[in-house]
Amino acid sequence: MHPVSERIRDARERSGLSQAELARAASMHPSYVSHLERGVRGPGDGALERLARALGVTTTYLEQGERSPAYLASEASVVRARQLLRASRATEAVDELATVELESLDVDQSARVLLAHAEALDVAGDLEASAEVLADTTRRLTVGHRPQQAAYAATRLVMTLTELGDLHGAVRAGEAHLSSLATGAAGTDEIFRLESTLVWAYVARGDVTYARVRGRDLLARALVHGSARAVWSVHWNLAFVDDALGDAQDALGHLRAALAIAGGDEAERDVPRLRLDLAHLLLAATPARPREALVELDAAATALEVGESQVELARAATIRSRALLLLGQNRAALVHAARASDMFTAGDRRDAAAAHEALGDALLASGERSAAVKAYRQVADRLDLVPAGRPAAVAWRRLGDRLRAAGDDRAAVAEAYRRALDAAGVGTTHP
């Protein structure tokens with residue numbers, strides 16, 4: 001079979017189109033498409049262009065495939081960007097990927113470049129630009145008849161918008177993409193994960209009761225129609241719902257169920273992140289379970305180092321610092337908290353609030369009150385990025401307690417408590 005014939009067939013299968021559907025989209029007779037795929041005939045320039053448009057690829061890709069100069073150059077840029085991210089040079093990684101000529105690539109390779117670009121922007125702290133890139137990626141994959149990949153990109157978009165604090169935007173985007181992709185990606189892991197991520201966006205927006213109802217319905221559907229991965233993904237997100245409602249034990253139950261179903265496969269990128277969340281909730285439980293949290297962190301450590309995500313490594317260092325502090329190992333806690341804070345120097349991320357809070361706690365426990373106050377004030381700067389709601393109210397109240405314990409001035413302490421009331425929707429009266 002001729003390489004062009006193979007690429008036409010492969011692109012059609014990736015698009016999820018039948019030969020008849022491709023023929024209709026490209027204004028061709030079905031038998032002609034069949035002849036092209038079997039190598040009986042070769043396409044002329046006009047036919048090749050129509051096929052490329054229908055398949056969401058370029059004519060260059062159909063002619064040259066992965067040997068094309070544009071493809072090879074784009075792949076080299078992705079590899080260089082990964083290397084730059086590993087070297088903590090996120091801004092350079094962003095610049096590297098921004099130079100790629102996307103219009104010369106097929107839909108799959110352009111999506112690969114765009115997803116890498118979005119990740120680099122995220123690590124660099126430019127969440128707004130990352131969201132824009134993810135929105136473009138989702139659109140390209142949807143138009144290119146890649147519903148499952150589009151659902152994955154949409155999931156990342158909802159996560160990024162939620163992290164950015166654009167909660168209404170996260171919900172709107174999630175609902176819109178869920179509706180448009182429901183048919184093409186029905187029953188897939190990606191569509192279940194998109195909806196479970198949307199449930200978390202509702203939690204972050206404050207619609208916790210609705211999120212719990214919808215989440216339970218989603219779990220029931222996943223148990224019947226979804227794969228094991230879909231089920232543990234829903235369990236994972238339901239843990240956040242229960243945590244937001246203050247049901248720590250139910251939250252732990254969901255995370256343990258998710259980990260049991262996932263099978264503890266540390267090669268799966270999400271499993272180490274699941275262990276991080278489990279460790280976090282073990283420390284938030286009453287009573288706290290720092291030794292169990294450290295076991296989960298140790299189990300995830302190797303995979304996190306291999307994955308080399310600075311955000312996840314910083315989260316792990318933050319949680320480890322808290323666990324060590326609860327065990328009275330103040331100096332070790334300080335080392336890990338300082339490491340976490342240093343990892344969040346690029347851009348403003350809400351994750352950084354937890355790292356600076358852990359640093360303040362370790363400094364205070366070590367008797368360094370002035371340095372602790374400075375770290376806690378860094379927390380206040382990051383909490384401004386957290387939308388109003390129960391999580392924000394709890395975080396501001398916790399900060400007020402810490403500022404008071406560290407001996408900060410009364411005005412700063414009072415401001416933290418006022419922000420807690422505002423976040424809870426109580427409000428205060430100003431003179």
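Numbers for residues simply follow the sequence, beginning at 1.
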**Asked** Under the 3.5 angstrom rule, does the side chain of Arg339 hit a backbone N or O of Ala337 as a donor-acceptor pair?
**Response** no

Minimal heavy-atom distance between Ala288 and Leu326, with the atoms involved, is CB-CD1, 3.9 Å

Practice item. Report yes if the side chains of Arg398 and Leu383 come closer than 4.5 Å at any heavy-atom pair, otherwise no. Key: no

- Would you say the side chain of Leu327 lies within less than 4.5 Å of the side chain of Leu294, judging by non-hydrogen atoms? yes

Should Asp95 and Arg80 count as an ion pair when the cut-off is N to O under 4.0 Å? no

- request: For salt bridge (charged side-chain N to carboxylate O under 4.0 Å, His left out), just list the numbers for Arg112 and Asp108, CA-CA rounded to whole Å, side-chain angles, deciding distance to a tenth of an Å, and then say yes or no.
  value: CA-CA 6 Å; Arg112 175 171 164 78; Asp108 299 293; over 6 Å; no

* Short side-chain donor-acceptor distance under 3.5 Å, Tyr376 and Asp361 -> yes

Worksheet item: salt bridge (charged side-chain N to carboxylate O under 4.0 Å, His left out) between Arg82 and Glu119: does it pass, once the steps are laid out?
Response: CA-CA 10 Å; Arg82 298 288 187 205; Glu119 181 182 0; 2.5 Å; yes

Item checked: Flag, side chain of Arg50 to backbone of Ala26, donor-acceptor distance under 3.5 Å -> yes

Those residues at least two apart in sequence (or on a different chain) that pass salt bridge (Lys or Arg N to Asp or Glu O under 4.0 Å) with Glu49 are none

So does Ser233 get a backbone contact from the side chain of Asn237, meaning a donor-acceptor N/O pair under 3.5 Å? yes

Rounded to the nearest 0.5 angstrom, the CG-CG distance for Asp189 and Leu194 is 12.5 Å

What one should report as the nearest heavy-atom pair of Ala173 and Leu161 is CB-CD1, 4.0 Å

So NE2 of His280 and CG of Asp243: to nearest 0.5 Å the spacing works out to 5.5 Å

Taken to the nearest 0.5 Å, the spacing of Gln149 CD from Leu141 CG works out to 6.0 Å

Sorted by chain and number, sequence neighbours left out, side-chain hydrogen bond (donor to acceptor under 3.5 Å, both in side chains) with Ser110 holds for none

Residue pair Leu121 / Leu127, side-chain heavy-atom distance below 4.5 Å:
no

Distance col, row Glu96:CD vs Leu85:CG, nearest 0.5 angstrom, shows 11.0 Å

| request: For Ser130 and Asp126, indicate whether the former's side chain and the latter's backbone hold a donor-acceptor pair under 3.5 Å. | output: no

Ring pair (Phe, Tyr, Trp, His ring centres under 6.0 Å) pairs touching residues 171-203, sequence neighbours excluded, are Trp200-Phe240, Tyr202-Tyr210

Hits for side-chain hydrogen bond (donor to acceptor under 3.5 Å, both in side chains) against Arg397, two or more places apart or cross-chain, chain-then-number order -> none

So Trp232 and Leu274, do their side chains get closer than 4.5 Å, heavy atoms only? yes

TODO: Look only at the side chain of Thr160 and the backbone of Arg156, and say whether a donor-acceptor pair between them is shorter than 3.5 Å.
DONE: yes

Notebook entry, point to check: Is any side-chain heavy atom of Arg140 closer than 4.5 Å to a side-chain heavy atom of Leu102?
Noted result: yes

request  = Evaluate the side-chain proximity of Leu283 to Arg289: yes if any heavy-atom separation is below 4.5 Å, no if none is.
outcome  = no

Which atom pairs, donor and acceptor, lie under 3.5 Å between side-chain atoms of residues 247-256 and protein residues at least two apart or in another chain?
from: Asp247; atom 1: OD2; to: Arg212; atom 2: NH2; distance (Å): 2.6
from: His254; atom 1: ND1; to: His235; atom 2: ND1; distance (Å): 3.0
from: His254; atom 1: NE2; to: Asp242; atom 2: OD2; distance (Å): 3.2
from: Arg256; atom 1: NH2; to: Glu292; atom 2: OE1; distance (Å): 3.2

(request) State, yes or no, whether a side-chain contact exists between Glu190 and Thr155 at a heavy-atom distance under 4.5 Å. (result) no

Interatomic distance, CD1@Ile319 vs CG@Leu276, rounded to 0.5 Å, equals 5.0 Å

- Going through the distances and angles, do Asp207 and Arg214 end up as a salt bridge (charged side-chain N to carboxylate O under 4.0 Å, His left out)? CA-CA 11 Å; Asp207 303 321; Arg214 183 163 179 175; over 6 Å; no

To the nearest 0.5 Å, atom CG of Leu297 lies from atom CZ of Arg320 at 5.0 Å

**OP:** Taking atom types as modelled, find out whether Gln378 and Glu357 have a side-chain donor-acceptor pair closer than 3.5 angstrom.
**Re:** no

In terms of heavy-atom contacts, Ala340 and Ala317 come closest through CB-CB, 3.8 Å

Q: Flag yes if more than 12 heavy atoms outside Arg291 fall under 6.0 Å of its CZ atom; otherwise flag no.
A: no

Residues pairing under ring pair (Phe, Tyr, Trp, His ring centres under 6.0 Å) where one sits in residues 99-156, two or more places apart or in two chains, turn out to be none

Review point. Donor-acceptor pair, Ser196 side chain versus Arg193 backbone, under 3.5 Å?
Key: yes

Heavy-atom closest pair (Asp270 atom, Arg273 atom, distance to 0.1 Å) is OD1-NH1, 2.6 Å

>> Between Tyr417 and Asp401 (side chain of the first, backbone of the second, donor and acceptor by atom type, cut-off under 3.5 Å), is there such a pair?
In response: yes

>> When you measure from the side chain of Ser341 to the backbone of Ala338, do you find a donor-acceptor pair of N or O atoms at a distance under 3.5 Å?
In response: no

Glu415 with Arg418: basic N within carboxylate O range, under 4.0 Å
yes

Shortest non-hydrogen pair, Val203 vs Ala244, comes out as CG1-CB, 3.5 Å

Of all heavy-atom pairs linking Ala150 and Thr138, the shortest is O-CG2, 3.7 Å

Notebook entry, point to check: Is any side-chain N of the basic residue among Arg221 and Asp217 closer than 4.0 Å to the acidic one's carboxylate O?
Noted result: yes

Thr188-Gln148 side chain donor-acceptor pair, cut-off 3.5 Å
no

